[in-house]
Protein chains: 2
Amino acid sequence: MRVLRTGVSTVAPHHSSEPAGNPAWLNTIMKGDCVAALNKLPSKSVDLVFADPPYNLQLGGDLHRPDDSKVDACDDHWDQFESFEAYDAFTRAWLLATRRVMKDDASIYVIGSYHNIFRVGALLQDLGFWIMNDIVWLKSNPMPNFRGKRFTNAHETMIWATKSKTAKPTFNYDALKTFNDDLQMRSDWHLPLCTGGERLKDGDGQKVHPTQKPESLLYRVLTASSNPGDVVLDPFFGTGTTGAVSKKLGRNFVGVEREQAYIDAATARIDAIEMGSGASLDMQKGKRAEKRIPFGNLLEAGLLEPGAELTCSKGRHLAVVRADGSLKCGEHTGSIHKVGALVQGAASCNGWTFWHIKSGRKRSPIDELREEIRSRLRA
Amino acid sequence: MRVLRTGVSTVAPHHSSEPAGNPAWLNTIMKGDCVAALNKLPSKSVDLVFADPPYNLQLGGDLHRPDDSKVDACDDHWDQFESFEAYDAFTRAWLLATRRVMKDDASIYVIGSYHNIFRVGALLQDLGFWIMNDIVWLKSNPMPNFRGKRFTNAHETMIWATKSKTAKPTFNYDALKTFNDDLQMRSDWHLPLCTGGERLKDGDGQKVHPTQKPESLLYRVLTASSNPGDVVLDPFFGTGTTGAVSKKLGRNFVGVEREQAYIDAATARIDAIEMGSGASLDMQKGKRAEKRIPFGNLLEAGLLEPGAELTCSKGRHLAVVRADGSLKCGEHTGSIHKVGALVQGAASCNGWTFWHIKSGRKRSPIDELREEIRSRLRA
DNA sequence: GTCAAGTCTGAATCGGGCG
DNA sequence: CCGCCCGATTCAGACTTGA
């Protein structure tokens, strides 16, 4: 993996036509300031953004455990801001730079704690982003509150947003539902902290980065809001969890990071990963992904004859199929959906599952005939 | 209980010296606009504030369930704001009015959803409040996402703050820890919605208030951040959950509410409560039951790789694991349970015990990997 | 009275392609 | 851009109904 240094830019200015193949910045870490680096990327070029910005923790003095050991707090210089105004200006700048490189239907996830997430969320709204969900990452093993003065801070908050209210972001609903044992994925995610072998350590056994995120978190974000081959941007790349999971899941990434030590650790980490590929990356698809079969096809295929009689599952309503693929039920005529809605007095109706045909003694939904057509098309 | 109408104020102007005994406004509902009513209270007079302001939901058209029934949305006039600016101005005004009546060491809790909570949190910080925690109320029974377009919105967020960084708020650490089976109370609270007998209904069986909060939530807030005899203010009193729990726990309350229908319901509700008769009021504890582990967690945790091969115990059926946690076995795809049922021609199947993975020469059920996750979560 | 099956509902920013 | 219309989409828990 190459590292592009944006301070001494090795990224060529972007003209309207990219050379064939992947652009030079793909699957690289750009070194330098977040906004300056993002400004070197072409606009509308990324599908998903995961951002883990500085939390502006505003820590006071040292904190000691009951056994008097010192807590290794996040007091790095990059987490120091003079005021809320300074933090807001910083946030607004990187959000705007990020917004420019997002495709119109791209998603952005920003993670934070109560120190910064309210400011981030309000600014997202002020800048015209549209919030889809907030998600809480519940830590199974959070650090306890040693002083007993507050609740154990056992979660962080992620905001999922799009560029605008009208955006139609990728959301792999069916894949997530399957992933979650056939229940809808909820806004609360129970995941352990990044510890043990996953946590990057330096030669002295010290952790390389104070707030390394667990791969499980990124795994779920990428599964939810991207597809294989998509481009995932992380403007605060750190030790590269986003890049690592992107590579495993067959996504492309681009990162921005200022600190050379983090870049070095991330580069080694990602180089050691084998790129995911092939059928194992296929996402579980739902009915929406299936090709649309007009009702008339059933007549063309000979699966139904004009004059065939359809009923609802209880046999209460009776309709006749006409040669043009419309139904007639008493005074009502129209599509299977329209007539189904009319006879029920409902606002809408899925005619495929509402209408049944007699096969032997039992009634089966005409959806089974549609499935027969689909299987013929696949063959 | 008396109701004070602040429009035709029955509250005498407050001088520096209160007459002996409780002030007239104690344990009453003040009718009228929130800010105007609060301005009639003496400064620095309350110990705890619980505020459930309008969420500014910005709903679009109607939403229907899959069975075509209409969702009874919260579309009340009091939740309509013209813009974020209007909502911010409203929020700033009631926060400032509330701040004045808070004692220096008082606590304030504000609850909201992603529609409004980020604005509330940022404004709290801008006005000099000091955030102690954010707390997530995880709903065991939230409304599902009917269209499959987002994560199930399964939580709301509460912010606990003080008037300033130097405040020393009440925090009954030991009481909470005892309640929580001798573990520190965490920032995630697992509580069901307010339904059933607790939910106030009118003569037609319709809910009186669209967003009545569960008493369990207030019980925990009051236990954490107040003492018997304290004064608890709720500037958006609604149907009076704050007043009801205050009375049960031997706290004093003062509420502000604009809608007469809510005031009537709250008055009857609170009058029916016997002070301190809280035997039935056990604080809802965190769930002790074993947590459900979705199959996808095995991939996130790295215990299975995409592409891994699973078989039944005899090795007869072979399935491949995909990155999204679905299985593929011939033409069949879906969850471990669904595919297990399909390959056996069974109606249902426990995928955890049906599917095995080879470890060395023998096959072991993937249930053992789930147990490994559980032990990590316990650690 | 018991149990099983069916109904109802909860702070919701809930569609998309084609003409 | 607007309108039409196809047709996809739900979990937990309390309550009601009926055998």
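Heavy-atom basis, side chains included; hydrogens, waters and symmetry copies ignored. Letters go in sequence order (proteins before strands), and every chain restarts at 1.
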Give a yes/no answer on whether the side chain of [X] brings an N or O atom under 4.0 Å of OP1 or OP2 in [N].
X: B:R147; N: C:dG15; result: yes
X: A:Y173; N: C:dG15; result: no
X: A:R370; N: D:dA8; result: yes
X: B:R199; N: C:dA11; result: yes
X: A:N350; N: D:dA8; result: yes
X: A:H337; N: D:dC5; result: no
X: B:K207; N: C:dG10; result: yes
X: B:N153; N: C:dT13; result: yes
X: B:K149; N: C:dA12; result: no
X: B:T195; N: C:dG10; result: no

For this session: Could you let me know what D:dT17 is paired to, Watson-Crick or G-U wobble, both distances under 3.5 Å, or none if it's on its own?
Result: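 The answer is C:dA4, by the H-bond criterion.
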Exercise. If we call it a pair only when both distances are under 3.5 Å in a Watson-Crick or G-U wobble match, what pairs with D:dA8?
Worked result: none
Problem set entry | Under 3.5 Å donor-acceptor pair, B:R65 side-chain atoms to D:dT9 base atoms | no
Exercise. With nearest nucleotides of DNA chain D determined for A:R292 and A:Q184 from heavy-atom distances, which residue corresponds to the more 5′ nucleotide?
Worked result: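 Closest to the 5' end, via its nearest nucleotide, is A:R292.
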Problem set entry | Residue pair A:H337 / A:S335, side-chain donor-acceptor N/O under 3.5 Å |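 No, no side-chain donor-acceptor pair sits under 3.5 Å.
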Exercise. Just checking, any donor-acceptor pair under 3.5 angstrom between side chains of A:W160 and A:S107?
Worked result: yes
When all nucleic acid strands are considered with a 4.0 Å heavy-atom cut-off, which category describes [X]: base, sugar-phosphate, or nothing?
X: B:P214; value: nothing
X: B:G112; value: nothing
X: A:P294; value: nothing
X: A:I131; value: base
X: B:G61; value: base

Exercise. When you measure from the side chain of B:D72, which nucleotide among C:dG17, C:dG10, C:dA11 comes out closest?
Worked result: C:dG10
Problem set entry | Chi-based syn or anti call at D:dT10, which uses purine or pyrimidine torsion atoms and a 90° bound |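 The base of D:dT10 is oriented anti (glycosidic angle more than 90° from 0).
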Problem set entry | Row check, B:W78 ring normal vs B:R258 NZ/CZ: under 6.0 Å, within 45° | no
For this session: Pick out which of B:K207, B:Q212, B:E257 makes a side chain to side chain contact (heavy atoms under 4.5 Å, CB included) with B:T239.
Result: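 The side chain to side chain contact (heavy atoms under 4.5 Å, CB included) with B:T239 is passed solely by B:Q212 among B:K207, B:Q212, B:E257.
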Problem set entry | A:W137 and A:H190, any side-chain heavy atoms less than 4.5 Å apart | no
